[in-house]
Number of protein chains: 2
Amino acid sequence: MNIGEIAKRAGVSRSTVSYALSGKRPVSGETRQKIQRVIDELGYQPNASARALANGRTDTIGLVFPPAGNHYTGMQLDFIGSVVEAAATYDYDVLLSPSGVDSDRSFQRLLGERRVDGAILMEIRLDDDRLEHLAALDFPSVAIGRSAHPDGSWWVGLDHTALAAACVHHLADLGHRRVAFVNRPEQLLRAGYESAHRGLDGFTKAAAERGLTVRTYTCGDDAASGLTCLERILHDDPATTALVTLNEAALGGLYRGLAQAGRHVPRDFSVTGVVASRWAETVTPQLTAADVPAEQMGRLAVDLLVQRLDHPDTPARNHLLAPPISLRASTAPATP
Amino acid sequence: MNIGEIAKRAGVSRSTVSYALSGKRPVSGETRQKIQRVIDELGYQPNASARALANGRTDTIGLVFPPAGNHYTGMQLDFIGSVVEAAATYDYDVLLSPSGVDSDRSFQRLLGERRVDGAILMEIRLDDDRLEHLAALDFPSVAIGRSAHPDGSWWVGLDHTALAAACVHHLADLGHRRVAFVNRPEQLLRAGYESAHRGLDGFTKAAAERGLTVRTYTCGDDAASGLTCLERILHDDPATTALVTLNEAALGGLYRGLAQAGRHVPRDFSVTGVVASRWAETVTPQLTAADVPAEQMGRLAVDLLVQRLDHPDTPARNHLLAPPISLRASTAPATP
DNA sequence: CCCGCTCCTCGAACCGGTTCGACGGAAGTT
DNA sequence: AACTTCCGTCGAACCGGTTCGAGGAGCGGG
């Protein structure tokens with residue numbers, strides 16, 4: 001069922017069929033109909049590989065996502081879903097690439113073998129060799145997150161500095177003086193993940209500004225780690241009355257730890273952080289948090305990438321999002 | 001950076017380069033080294049589209065997943081991750097395809113345009129036209145879930161009937177007599193989703209067998225729906241003392257509803273169901289549940305698909321999994 | 001010395017599209 | 001009636017690989 005077969009049955013040349021389909025040159029109405037009839041009858045669809053080979057575009061974008069080692073968070077899921085959906089509206093497919101330990105193999109494959117027209121990179125590090133690599137190749141890509149030197153590159157990111165600071169101010173306004181910070185896992189922090197770094201930064205600075213006494217922790221991406229992390233927090237400073245978390249996956253464990261320690265949320269202890277709304281609403285009491293707009297970010301990333309693909313000379317664009325804190329039920333004034 | 005360029009610089013023909021790389025014909029050690037040197041120097045990687053066009057294989061598998069309309073569950077996320085990872089070990093890439101309202105467009109694209117060598121289908125319905133379509137085309141695919149007539153087709157599924165029954169027996173053994181069932185959303189049930197149907201079936205039969213008084217509910221895939229569903233349960237029969245849920249995303253809402261109704265889990269009310277372990281462990285108290293082995297299923301699905309691709313004439317194979325119930329902390333003997 | 005065999009390499013055809021230059025015929029000009 | 005213009009179509013080349021049949025070089029055997 002190739003274009004030659006269609007041409008033969010319609011009694012025209014292959015190029016005429018091609019033009020009839022692409023509309024890049026005029027084709028008489030009569031011929032077009034004849035061709036269309038044959039196509040409908042045979043259910044012809046052009047071969048994607050052949051098309052890609054001929055015109056150099058695969059109509060596919062790569063989504064480079066973190067390895068399973070660090071467990072996926074709900075936010076990542078929502079993000080992936082929205083990317084796929086947004087890409088579909090532009091008639092792009094999405095190819096997943098695990099960027100793991102051998103980030104090279106799979107990543108190089110995407111680029112070197114020209115499997116994709118452009119890429120979206122998740123979980124950016126402040127110093128990200130992948131970004132430098134892509135920039136050096138001038139390969140169309142959009143980063144989710146802002147590296148240390150984001151100027152002149154394409155990205156959509158969350159203002160983690162501002163969000164963490166907003167959490168601090170919210171707690172400080174409620175009268176909390178001793179606050180803990182629960183970050184992503186230590187290995188991610190050490191690897192230089194931007195959300196972990198900028199979040200920590202924003203938290204620390206804002207806390208200093210407000211004169212709070214703080215302790216910061218890293219915590220594995222699962223409930224069990226959240227539980228032990230909370231135990232450490234109360235052990236290190238039993239007078240702690242609130243915490244800020246960037247760690248969505250640990251949230252359940254943190255809550256459990258508080259329950260086990262006999263601290264009632266929000267009466268005895270306030271919890272807030274940066275978490276996708278769906279997950280903030282799953283826990284009881286519902287989490288007062290800066291809602292990560294994962295879906296919006298996915299859509300924006302695709303928008304930017306498509307624009308970059310369609311207009312290669314557009315100057316770099318980006319979106320820095322800073323969603324407000326949604327007041328729910330997990331924070332309350334500190335009891336004096 | 002194409003094969004012709006490599007050939008020119010190495011002073012050999014294009015075909016020799018091809019054979020040196022594929023090893024499908026002997027090439028002298030000397031020539032091979034000469035070619036390899038040029039390749040290393042120029043960083044050549046063969047173009048995937050050209051290769052696919054020539055040999056008819058894309059080295060890509062399609063993952064057809066449900067539309068975003070019904071929100072993704074954690075289990076789906078784990079599953080997608082494990083599929084991508086398992087595929088990578090076989091040197092396959094994964095192309096995502098949202099099979100949504102216009103299941104046709106995106107789905108047809110995958111197949112008709114030959115973008116993938118095979119496909120994995122999630123969220124199977126008992127009567128799934130996609131499966132029939134694929135079977136008619138003899139297109140290599142593996143279903144996640146078991147349709148009404150699974151014989152002669154490839155799939156890996158969860159024995160929802162047995163799992164739901166196991167939950168019932170667990171509760172009955174604990175002395176519960178009035179039990180509610182929280183299913184996936186009504187629209188999915190009506191669409192014929194197999195997990196919803198078989199789960200309901202297993203629940204109903206086992207409950208009849210044990211002489212329990214039951215009520216069954218459908219519930220949206222989010223916390224808010226879980227909350228209202230629980231309110232309905234207690235309103236319809238305040239004497240209910242336990243529930244079984246297939247609805248992972250509603251779990252948080254169910255718990256909240258119980259807390260609001262003043263029912264303590266597990267003292268006053270037992271909760272169990274079929275949920276991925278990661279999520280069962282995030283709630284407090286941790287959920288006693290049949291753990292959905294999402295990662296294992298992803299790996300198995302890829303294994304089957306690859307086998308089917310490598311040996312097209314293998315008779316159909318499948319895996320029916322029935323993980324045991326993990327006892328955690330959400331069930332207890334009924335108080336008389 | 002010639003033949004046949006093995007081993008390696010080459011050229012050409014092919015996969016299924018896109019695109020460019022050319023060409024034939026109808027319509028419009030003078 | 002001859003000349004240009006424009007429209008629609010065609011053939012050929014190309015994208016970058018793979019694969020097949022053929023052929024040359026080197027070798028041992030007769």
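Naming convention: chains lettered A, B, ... in sequence-line order (proteins, then strands); numbering from 1 in each chain.
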If the helix axis at each end comes from five base pairs, how far does the helix from C/dC1-D/dG30 to C/dT30-D/dA1 deviate from straight, to 10°?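 Between the first-five-pair axis and the last-five-pair axis there is 60°.
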Would you say the side-chain atoms of B/Asp40 and B/Gln36 include a donor-acceptor pair closer than 3.5 Å?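 On atom types as modelled, these side chains qualify, holding a pair under 3.5 Å.
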According to side chain to side chain donor-acceptor pair (under 3.5 Å), who are the partners of A/Ser195, at least two apart in sequence or on a separate chain?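 Once residues adjacent in sequence are excluded, A/Ser195 has no partner under the side chain to side chain donor-acceptor pair (under 3.5 Å) criterion.
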In residues 27-43 of chain A, which residues come under 4.0 Å of DNA chain D by heavy atom?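 A/Val27, A/Ser28, A/Thr31, in order of number.
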Please tell me if B/Asn47 has a side-chain N or O lying less than 4.0 Å from either OP1 or OP2 of D/dG16.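 Checking D/dG16 against B/Asn47, no side-chain N or O comes under 4.0 Å of OP1 or OP2.
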Presence of B/Arg51 side-chain N/O under 4.0 Å of D/dT18 phosphate oxygens OP1/OP2: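 Affirmative; the distance criterion is met.
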Nearest listed nucleotide, side chain of A/Val12, among D/dC10, C/dG17, C/dG16: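 Shortest atom-to-atom distance from the side chain points to D/dC10.
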How is B/Pro26 classified with respect to the nucleic acid when contacts are heavy atoms under 4.0 Å: base, sugar-phosphate, or nothing?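 Base: the residue B/Pro26, judged by heavy atoms under 4.0 Å, touches a nucleobase.
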Is the shortest distance from a Lys or Arg side-chain nitrogen in A/Asp127 or A/Arg125 to a carboxylate oxygen in the other one below 4.0 Å?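 Not counted as a salt bridge, because no side-chain N and carboxylate O are separated by less than 4.0 Å.
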For every nucleotide of nucleotides 19-28 of chain C, 5' to 3': is a protein heavy atom under 4.0 Å from its base (B), only from its sugar-phosphate (S), or from neither (-)? BBBB------
Looking at A/Arg114, I want to see if its CZ is surrounded by more than 12 non-hydrogen atoms of other residues, nucleotides or ligands under 6.0 Å.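 No.
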Note, A/Leu158 side chain near A/Pro293 side chain (heavy atom, < 4.5 Å):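 Side chain of A/Leu158 against side chain of A/Pro293, heavy atoms only: contact under 4.5 Å found.
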Any B/Leu321 side-chain heavy atom under 4.5 Å of B/Leu300 side chain: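 With C-beta onward as the side chain, the pair touches.
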Could you pull out all donor-acceptor pairs under 3.5 Å where a side-chain atom in residues 9-19 of chain A meets a protein atom, sequence neighbours excluded?
from: A/Arg9; atom 1: NE; to: A/Glu5; atom 2: OE2; distance (Å): 3.2
from: A/Arg9; atom 1: NH2; to: A/Glu5; atom 2: OE2; distance (Å): 3.3
from: A/Ser13; atom 1: OG; to: A/Ser15; atom 2: OG; distance (Å): 3.0
from: A/Ser13; atom 1: OG; to: A/Thr16; atom 2: N; distance (Å): 3.3
from: A/Ser13; atom 1: OG; to: A/Thr16; atom 2: OG1; distance (Å): 3.1

Does anything in residues 42-57 of chain A pair up under salt bridge (charged side-chain N to carboxylate O under 4.0 Å, His left out), and if so which pairs, sequence neighbours excluded?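 Applying salt bridge (charged side-chain N to carboxylate O under 4.0 Å, His left out) to every pair that reaches into residues 42-57 of chain A, excluding sequence neighbours, yields A/Arg57-A/Asp59.
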